[in-house]
Amino acid sequence: MDPVVAVDLAAWTGAASDPRWIGAVEAGQVLYFPRLAFELGAAERALLSPALLAEGVRNISLDAQGQLKGVAGDAAVQRSVGTLMGRFAQQARALVRGLFPAYDPHLRAAPTSLRPTQVSTRKQSVRADDRRLHVDAFPTRPNRGERILRVFSNINPAGEPRVWRVGEPFEDLARRYLPQLAPYSAWQARVLHGIGVTKSLRSEYDHLMLQLHDRMKADERYQREAAQHRVEFPAGSTWVCFSDHTLHAAMSGQYMLEQTFHLPVSAQYDPSASPLGILTRLVGRPLRGAPVPTRG
Ligand code: SIN
Ligand code: FE
């Protein structure tokens, strides 16, 4: 399976929907748009510096209510950054609407993120280190199989690429680790929720995904030796993937915009292609606390 499928698209709006691209993204491949740049004005480009980031935060975020967090700078700077990020949020939504029209009524947008930090030199614990191959899974926010669809744009003003590693198909990962994972405990899930570790009850799906995330990151040999590709996303390019499905690691690069959309599995073109579908099939029964992956 090719890690990346290139799509020759140069406009954010009005993208035609193509079954090949839908199949690719739902199979965990990265859709890569080499000619789709997020355009910045000269004044916007001048804003991009590490000093834009407020002290102690990792990313700048803009939520759906227009609230901007993480920017160091006066009111004019805040306004400009908010405008830029709001524009990206709209364009990302338009792109997804064009590519995957059936998703559109079911998408829930997460806050938009601007990442001004150089990835290669960031200090991080093993578990938080996104330079290690992983699938996205969140310890405090169970999602019961809901999808994480992400649009990324490299806006580096000096032309530096964002470099990723893209790993093996999710099913290969799941087959490798499933036999070693601790069984799900509904009792433990209730305790974690009761003491406030999780915001809702952790399902068996969340339990398995988190363990996959943690195990693969901690496995030095897997990180070194598992099948993987190095992929460069040049400045001025855009890419889209389901980051709960695509095995990915961000190795280097600076200044990126990112928009996450959450999507119910039942709104996918092929729900059985999802991590929930694959894990359910491999376990051989519905996962506890999670839906059965069928089209709704
Ligand atoms: C990640 O989602 O793991 C990081 C992506 C990136 O920073 O390029
Ligand atoms: Fe990630």
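Each ligand, and each atom within it, is numbered from 1 in the order the structure gives. Everything quoted here is computed from the prediction, not taken from an experiment.
Between the side chain of T246 and the backbone N or O of S243 there is no donor-acceptor pair closer than 3.5 Å. Counting only distance, with no hydrogens or angles, the side chain of R97 and the backbone of D104 share no donor-acceptor pair below 3.5 Å.
The ligand atoms of ligand 1 that sit less than 4.0 angstrom from a heavy atom of A250 are 4 (C), 5 (C), 6 (C), 7 (O), 8 (O). Listed by number with element, the atoms of ligand 1 under 4.0 angstrom from any heavy atom of R115 are 4 (C), 5 (C), 6 (C), 7 (O). Close contacts of ligand 1 with H248, meaning ligand atoms under 4.0 Å from a residue heavy atom, involve 1 (C), 2 (O), 3 (O). Each of the following atoms of ligand 1 lies closer than 4.0 Å to a heavy atom of M256: 6 (C), 7 (O), 8 (O).
Ligand 1 has an N or O atom lying under 3.5 Å from an N or O atom of W164, backbone or side chain.
Screening the protein for N, O or S atoms under 2.8 Å from the Fe ion (ligand 2) yields 3; no waters enter the count.
No close placement of the Y32 and W239 rings is indicated, their centers lying 6.0 Å or farther apart.
Between F33 and W12, every side-chain heavy-atom pair lies at or beyond the 4.5 Å cut-off.
Protein heavy atom in closest approach to atom 7 (O) of ligand 1: R162 NH2, 2.9 Å.
With a 6.0 Å radius and a threshold of 12 heavy atoms from other residues, nucleotides or ligands, R281 has its CZ atom above the threshold.
With respect to the salt-bridge test (charged N to carboxylate O, under 4.0 angstrom), the residues R20 and D18 qualify. Using a cutoff of 4.0 Å between basic side-chain nitrogens and carboxylate oxygens, E220 and R224 are not scored as salt-bridged.
The line from CD of Q124 to CG of D130 is 7.0 Å long, rounded to the nearest 0.5 Å.
Using a non-hydrogen distance threshold of 4.0 Å, H134 registers as a contact of ligand 1.
F152 and F261 fall into different hydrophobic clusters, where Ile, Leu, Val, Met, Phe, Trp and Tyr are joined by side-chain heavy atoms under 4.5 Å apart, directly or via other members.
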